[in-house]
Amino acid sequence: MARQIQIRRGSAAQHESFTGAVGEITMDTTNTTLRLHDGVTPGGHTIGATPALPDGIDFVVDCQVPSAENNYTWYRKYQSGWIEQGGINEGTGAVKLPVAMADTNYTITAIPKAFGSYENVGSLTINLLVGSKTATSFSLQVRWNGGGVSTQQSKYDWMIHGMSE
């Protein structure tokens, strides 16, 4: 036979004037939360509720960790729609974004890893020229000390930030 447990319940207003016994749990029917009582505090202590955040605080609502399955791309999407995403271009041409951006008003940052026969490019003068930029992809040309390589040969770590769709 199944057993059923029912606890004392009442509105938020009723709870504010109620001091429960030590260890007693009651249900606030207004806020759909539980209250734990200590025998002293009127209304007890709310448990199981999500605390309210101060105005202007943004927080991550979705993310992806880089792995072989996602081609070592990552992202952090915030409640406001702001997104940061990044990955590695191994000289394979245009970068396809893991999450579409709202438009092309996003910032690209890239750090060259290697190009041609050069590895660990060090402190060369590096310029990154955007070849094409859409809400779902971009391509770069890496130039250094007056030279350059095509998008297909460029190897770089990339990161973008802006608003997602």
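FYI, side chains are in, hydrogens and waters are out, and symmetry mates aren't considered; it's all heavy atoms of this structure.
The distance from the CG atom of Leu140 to the CD1 atom of Ile108 is 5.5 Å, given to the nearest 0.5 Å. For the atom pair Leu36 CG and Leu34 CG, the distance stands at 9.0 Å (nearest 0.5 Å). The CZ atom of Phe59 sits 9.0 Å away from the OG atom of Ser80 when rounded to the nearest 0.5 Å.
Every pair passing salt bridge (charged side-chain N to carboxylate O under 4.0 Å, His left out) that includes a residue from residues 31-46 is listed here, sequence neighbours excluded: Glu16-Arg35, Asp28-Arg35. Residue pairs satisfying the salt bridge (charged side-chain N to carboxylate O under 4.0 Å, His left out) criterion with at least one member in residues 53-79, sequence neighbours excluded, are listed as follows: Arg76-Glu84.
Taking both residues in full, the closest heavy atoms of Asn70 and Val65 are given as ND2-O, 2.8 Å, listed atom of the first, atom of the second, then distance. Counting all heavy atoms, side chain and backbone alike, Gln85 lies closest to Trp158 at O-CZ3, 3.6 Å. The minimum heavy-atom distance between Trp74 and Gly87, with the atom names listed, is NE1-N, 3.8 Å. The heavy-atom pair separating Pro42 from Thr19 by the smallest distance is CA-OG1, 3.5 Å.
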Sequence neighbours left out, cut at 3.5 Å: what donor-acceptor pairs do the side chains of residues 7-15 make with other protein atoms?
residue	atom	partner	partner atom	Å
Arg8	NE	Glu24	OE2	3.1
Arg8	NH2	Glu24	OE2	3.2
Ser11	OG	Gln14	N	3.1
Ser11	OG	Gln14	OE1	3.4
Gln14	OE1	Ser11	N	2.7
His15	ND1	Gly10	O	3.3
His15	ND1	Ser11	O	3.0
His15	NE2	Thr26	OG1	2.7

Pair up each side-chain donor or acceptor in residues 128-138 with any protein partner under 3.5 Å, not counting sequence neighbours, and list the distances.
residue	atom	partner	partner atom	Å
Ser132	OG	Ser139	OG	3.1
Lys133	NZ	Thr104	O	3.1
Lys133	NZ	Tyr106	O	2.6
Thr134	OG1	Thr136	N	3.1
Thr134	OG1	Thr136	OG1	3.4
Thr134	OG1	Ser137	N	3.0
Thr134	OG1	Ser137	O	3.3
Thr134	OG1	Ser137	OG	3.2

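Listed for the Asn71 side chain is no donor-acceptor partner under 3.5 Å among the backbone atoms of Thr73.
Checked options His161, Met101, Met163; the residue passing with Ile83 is Met101 (criterion: side chain to side chain contact (heavy atoms under 4.5 Å, CB included)).
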* Check the pair Leu97 / Ile160 against side chain to side chain contact (heavy atoms under 4.5 Å, CB included), numbers first and verdict last. => CA-CA 9 Å; Leu97 302 176; Ile160 67 168; 3.5 Å; yes

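Taking Ile, Leu, Val, Met, Phe, Trp and Tyr as members and joining any whose side-chain heavy atoms lie under 4.5 Å apart, directly or through other members, the hydrophobic cluster of Tyr72 also contains Ile88.
By the 4.5 Å heavy-atom criterion applied to side chains, Tyr156 and Val95 are counted as neighbours.
Under the ring-ring contact (aromatic ring centres under 6.0 Å, His included) criterion, Phe18 pairs with His37, sequence neighbours left out.
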